[in-house]
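Single-structure report; data block below.
Just so we're on the same page: letters track the sequence lines, and every chain starts at 1.
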Amino acid sequence: MRLLQNMEYDFRIIEERWQHFWQANQIFKANNGADLPPFYVLDMFPYPSGSGLHVGHPLGYIASDIYARFKRHQGFNVLHPMGYDSYGLPAEQYAIETGQHPAVTTETNIKRYREQLDKIGLSFDWSREVKTSDPIFYKWTQWIFIQLFHSWYNQDSDKAEAISTLIKKFEQSGSAAVNAHHNSEAEFSAEEWNSFDKFTQRSILLDYRLAYRAETVVNWCPALGTVLANDEVINGVSERGGHPVEQKKMMQWSLRIRAYAERLLNDLESIEWTDSLKDIQRNWIGKSEGAEIDFKIVDTGDSVRVFTTRPDTIYGATFIVLAPEHPVVNEICTEDQKEEIEAYIQFAAGRSERERMAEVKDVTGAFTGAYAINPISKVKIPIWISDYVLAGYGTGAVMAVPSGDQRDWDFAKKFNLEIIPVIKGQDVSNGADDRKDGELINSGELSGMTVKDAIPKVIDKIEAENLGEKRINYKLRDAVFSRQRYWGEPFPIYYKDDIPYTIDEDKLDEIKLPEIDNFKPTKQGEPPLGRATHWNWNNESGKVVENGKGYPMDLNTMPGWAGSNWYFLRYMMEGNDPKRSDVFVSEEAVKYWRQIDLYMGGAEHATGHLLYFRFITKVLHDLGYIPFNEPAKKLINQGMIQAEDGHKMSKRYGNVINPDDVIAEFGADALRLHEMFLGPIEMHKPWNTKGIEGVSKFIRKLWRLYHDKNGSFSVKEEKATKAELKALHKCIEKVTSDMERSSFNTSVSAFMIAVNELSELNCKKREILEPLAILVSCHAPHVAEELWSLLGNKESISSAEWPNFNAEYLVDDQITYPVSVNGKTRFSIELNAELSKAEIEQAALAHEEAQKWLEGKAPKRVIVVPKRIVNIVV
RNA sequence: GCGGAUGUGGCGAAACUGGUAGACGCGCUAGAUUUAGGAUCUAGUGCCGCGAGGCGUGUGGGUUCGAUUCCCUCCAUCCGCACCA
């Protein structure tokens, strides 16, 4: 018996053999410009963490690998690369704790990742590997930042343009002629612009650039010592580490993603991403249409502008609420309210983001003592402040309509303010009634109109009287782009009189992350780069020089997502392309590969990476560098694999399953098949240790199909029978359609069914077993290669043509009809496939079972669906 | 609160345009072979019932000859957003 076992499939030897063969012969290297249609399959590249891969990570890699292999069989030139998102916080936190340089730990982790990935038998073209922390890569991340710096957003042409076109406009016509997305308060004529000195001009331009430096309210995380972008803050704490986050005004680099809000929203319709993911992005962009309306403040010449989506309810506006940070609060506040207002402002500022969120139900606020005039109803209403109104959204002020808005209602109740229903039938006794249609009441000249008609009417009126305008607002904020950390891309920026200048593009090779002795912030509170002794820029020599011998350079680094914005483009160039050192991606390469055809990765990146990388793609497109507007045509979110106990797989619970262990025991093919067999790719599902024995058994059964009882390879050249061809072609049809709709779990069942049937038929024929090997080769490439070579083939199975499906082999001359009585299946009859409807009906009714159910009565009706079913209605 | 996804045997799941619900696999039961099995093979396995039969895809309703599939109601779980005016 032991002898026989040795003749069984030995994955240990065979898997290693083929992994070596693939690598030695560069089987999966993609060639640019090959005379085949291109197809680009990409996985989101991993951050190489210290704990290595667990069994959940490769799920997406295996699925995309199966798809890449399928496309190769179909005659596509497939680009399927991999790399590492190797800048990031964990390596740096580790460095702070241990003094170990992040570059060292990162390198160690990458090595470990590579070993683990190699063992899974993934068909990556490693010659194109990228690492975001590699100077030859991040040089181009810096270069892209420079392009953003030298661009502005022209809302007339609706795209980004070179900053030189903006300067020309200023020189010729001043600021009024420009319709830009900007955050400048300066207004000037052409003459004024031309008379400004260089510094003034540059500081104005800074407020127009796509990458701009400005004092903004940011999420400051004291524990991490850095600012964070909105998507890096979850429920008021940092995504990494869960540390508290405060709101703080700071001078920071930002990217003008808001300029792209509308395009990011609209273009979702042109891509095949899941509805849930599109919804998350839509929600995050948060478009809302409405109007801005000016309310005159009583006894002053000033007015306050509010944003509302419901201008039709303006007669129900019984007070105004300003954000505590609103700039007019101090000016309008009356003497006797001063103390109260100041106390409230202080209270609001002292509340952390977290507290504010937790205490949503508690209504707080203070009266300014000032009044405003409702511009439509002319009624005098009080002005309050409260932190339920956000300074950063809209105008930082609202007209409160307590009859229609629950927050306003709560506020009105607490402070005893008037509530006026403005829509017929509105019940405001227990809360606001936010109905969005109906007839207006208590609304002066608007009374009797419908909500739908009143909205444009009010907007027309305020526009005609110059009291405001129609307005679209987005929740999306510009992305804070600087981090006060070490392990990231340094900015290619130096400062002259506090004005930032970019380093020349041809000098970027000089701007490497400097070595420092300690990775913590400096004593003065500067970022870690403040510790570098050589971090000044000398323009004459074009070198980074000792501090004091040049202009100071930026001390920030870029966020983790800077490299992942554009890495997919870098893979498009061949690994040995000499242009790799001249361009971020060559024109030929982007023209050849175009977009990512299939992008595989987790849904947790919905509002971070997946939004930023669409944004940067659009910028690069606007600037004429790439011929497409969206990075990925189709996207699949693979689900998470939970541990068997239902928890998340993590060190903390001690429930982590390492793919290395699974491979050592069952082999890579079994791991691949099992991960797919767990369920649909996009679902979350628990790992199932026992279940792997099923697919492992399948592999041995497949192997035995090609071997005789003694374990010798035994495939004959005889003609296949009808039954054998049917088993094969059923499998071809099923697996092909499964592949096309990424149903990788059901194709595993199809393989099992085919192998079970062919084993039963004792089929040992090349005509059947050769195509079968190709069918399973995407899922289980090692055993398939071995069988393929035993069949006498010299080339890798990966380039074999996908078998053709022939429907003729599936045609039956006998069909088993299920016969149901009143919709319940009672028996089945075998009938000739050629029979007519009437003949089928006759045969079914004649059956003794049918007679039994009819009890001598005539059937009311008989439904016959040819080749499917018979239903007798009694 | 808003938006989305998912609910099918003991378990993972399948059923693609409405047509034999539970394919395939795990587990379990019985048996064969074996010194032994955590190997292999055979048969069985949704629930209730001795049986005829009845019940059954989260709940309740509807459309249909026929519903896991289409429509409405409600419930549960998970994910995202959350004072966005």
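- For Tyr388(A), whose side chain is taken as the heavy atoms from C-beta onward, the closest listed nucleotide among rC83(B), rC65(B), rC24(B) is rC83(B).
- Contact annotation: Ser820(A) does not reach the phosphate of rU20(B) (side-chain N/O to OP1 or OP2, under 4.0 Å).
- Within the 4.0 angstrom heavy-atom criterion, no nucleotide atom of any strand lies near Ser828(A).
- Taking atom P in both rC26(B) and rA39(B), one finds a spacing of 11 Å when rounded to whole Å.
- The distance between atom CG of Asn822(A) and atom C1' of rG53(B), rounded to the nearest whole Å, is 15 Å.
- Using a 4.0 Å cut-off between a side-chain N of Lys or Arg and a carboxylate O of Asp or Glu, Arg310(A) and Asp434(A) do not qualify as a salt bridge.
- Nucleotides rA52(B) and rG61(B), compared at atom P, are 29 Å apart to the nearest Å.
- Using atom C1' as the reference point in both rG27(B) and rG80(B), the two lie 36 Å apart (nearest Å).
- Here the side chain of Val865(A) is nearest to one of rC16(B), rA85(B), rG19(B), namely rG19(B).
- Ser749(A) comes within 4.0 angstrom of a base, heavy atoms only.
- Taking only distance into account, the side chain of Asn283(A) never meets the base of rC81(B) through a donor-acceptor pair shorter than 3.5 Å.
- Between Tyr817(A) atom OH and rC65(B) atom P the separation is 21 Å, expressed in whole Å.
- Checking side-chain atoms of Arg672(A) against main-chain N and O of His779(A) turns up a donor-acceptor pair under 3.5 Å.
- Met683(A) comes within contact range of the sugar-phosphate backbone alone, with a heavy-atom separation under 4.0 Å but no base atom that close.
- Comparing the same atom, C1', in rA23(B) and in rU68(B) gives a spacing of 14 Å after rounding to whole Å.
- Here the CH2 atom belonging to Trp273(A) is positioned 9.5 Å from the NZ atom belonging to Lys278(A), to the nearest 0.5 angstrom.
- Spacing between rC28(B) and rG38(B) at atom P, rounded to whole Å, works out to 10 Å.
- For rA67(B), there is no paired nucleotide, since no Watson-Crick or G-U wobble pair has both relevant distances below 3.5 Å.
- In this model, the phosphate group of rA14(B) is not approached by any side-chain N or O of Lys734(A) to a distance below 4.0 Å at OP1 or OP2.
- Close to rA85(B), at under 4.0 Å from its OP1 or OP2, lies a side-chain N or O of Tyr393(A).
- Looking at heavy-atom distances under 4.0 Å, Lys824(A) makes contact with sugar-phosphate atoms alone, never a base.
- For the pair Glu693(A) and Arg700(A), the salt-bridge criterion is not met [side-chain N within less than 4.0 Å of a carboxylate O].
- Picking from rG19(B), rA13(B), rG53(B) the nucleotide with the shortest atom distance to the side chain of Ile869(A) gives rG19(B).
- Taking the six-membered ring where the residue is Trp, the centroids of Trp687(A) and His674(A) are separated by under 6.0 Å.
- Close to rG19(B), at under 4.0 Å from its OP1 or OP2, lies no side-chain N or O of Asn871(A).
- The environment of CD in Glu830(A) is crowded: more than 12 heavy-atom neighbours from other residues, nucleotides or ligands sit within 6.0 Å.
- Residue Val695(A) is out of contact with every strand shown, counting any heavy-atom pair closer than 4.0 Å.
- Leu673(A) has its CG atom 13 Å from the P atom of rC26(B), to the nearest Å.
- The side chain of Arg868(A) sits closest to rG19(B) out of rC24(B), rG19(B), rC26(B).
- Of the side-chain N and O atoms in Arg741(A), none sit less than 4.0 angstrom from OP1 or OP2 of rC16(B).
- There is no side-chain donor-acceptor pair under 3.5 Å between Ser742(A) and Tyr67(A).
- Taking side-chain N and O atoms only, Lys685(A) has no distance below 4.0 Å to OP1 or OP2 of rC78(B).
- Each of rC81(B), rA39(B), rG3(B) was ranked by its minimum atom distance to the side chain of Arg700(A); first place goes to rA39(B).
- Following rounding to the nearest Å, Lys697(A) (NZ) and rC41(B) (C1') show an atom-to-atom distance of 11 Å.
- Taking the syn range as angles within 90° of 0, the glycosidic angle of rG9(B) is syn.
- Backbone-only contact: Asn745(A) has heavy atoms under 4.0 Å from sugar-phosphate atoms and none from a base.
- Checking the phosphate oxygens (OP1, OP2) of rG66(B), no side-chain nitrogen or oxygen of Arg826(A) falls inside 4.0 Å.
- For rG19(B) and rU29(B), the C1' atoms lie 34 Å apart once the distance is rounded to whole Å.
- Using a 4.0 Å heavy-atom distance criterion, Pro680(A) is classed as a sugar-phosphate-only contact.
- Atom P of nucleotide rC24(B) and atom CG of Asn688(A) are separated by 18 Å, given to the nearest angstrom.
- Among the protein residues, Leu390(A) comes within range of the nucleic acid bases, having at least one heavy atom under 4.0 Å from a base atom.
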Phe319(A) vs Phe411(A), ring pair (Phe, Tyr, Trp, His ring centres under 6.0 Å): CA-CA, chis, key distance, verdict: CA-CA 10 Å; Phe319(A) 53 99; Phe411(A) 197 84; 5.6 Å; yes
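- Which of rU6(B), rU40(B), rA85(B) sits closest to the side chain of Asp405(A) comes down to rA85(B).
- Side-chain proximity of Pro818(A) to the nucleotides rA23(B), rC81(B), rU20(B) is greatest for rU20(B).
- Rounded to whole Å, the C1' atom of rA21(B) lies 10 Å from the corresponding atom of rG46(B).
- In this structure, rG18(B) forms no base pair with any nucleotide, since neither Watson-Crick nor G-U wobble geometry is met with both distances under 3.5 Å.
- Residue Trp853(A) is in sugar-phosphate contact alone, with no base atom involved, counting any heavy-atom pair closer than 4.0 Å across all strands shown.
- Using Watson-Crick or G-U wobble geometry with both donor-acceptor distances under 3.5 Å, rG1(B) finds its partner in rC81(B).
- Rounding to whole angstrom units, CE of residue Met676(A) and P of rA14(B) are separated by 13 Å.
- In summary, the side chains of Tyr315(A) and Asn374(A) do not present any donor paired with an acceptor at a separation below 3.5 Å, with no hydrogens or angles considered.
- Judged by Watson-Crick or G-U wobble contacts below 3.5 Å, the nucleotide rG25(B) has rC11(B) as its partner.
- Of all nucleotides listed (rA15(B), rC65(B), rC26(B)), rC65(B) comes nearest to the side chain of Ile863(A).
- If you check every strand for non-hydrogen atoms under 4.0 Å, Lys475(A) touches a base.
- Pair assignment for rG31(B) gives rC41(B), based on Watson-Crick or G-U wobble hydrogen-bonding distances that are each under 3.5 Å.
- Nearest-nucleotide positions on RNA chain B for Gly694(A) and Lys701(A) put Gly694(A) closer to the 5' end.
- Side chain of Thr825(A), nearest nucleotide from rA21(B), rC26(B), rC83(B): rA21(B).
- OP1 or OP2 of rG25(B) sits under 4.0 Å from a side-chain N or O of Asn756(A).
- Nearest-nucleotide positions on RNA chain B for Asp738(A) and Leu277(A) put Leu277(A) closer to the 5' end.
- On the C1' atoms, rC47(B) is 13 Å away from rU57(B), given to the nearest whole Å.
- Heavy-atom contacts from other residues, nucleotides or ligands closer than 6.0 Å to CD of Gln842(A) number 12 or fewer.
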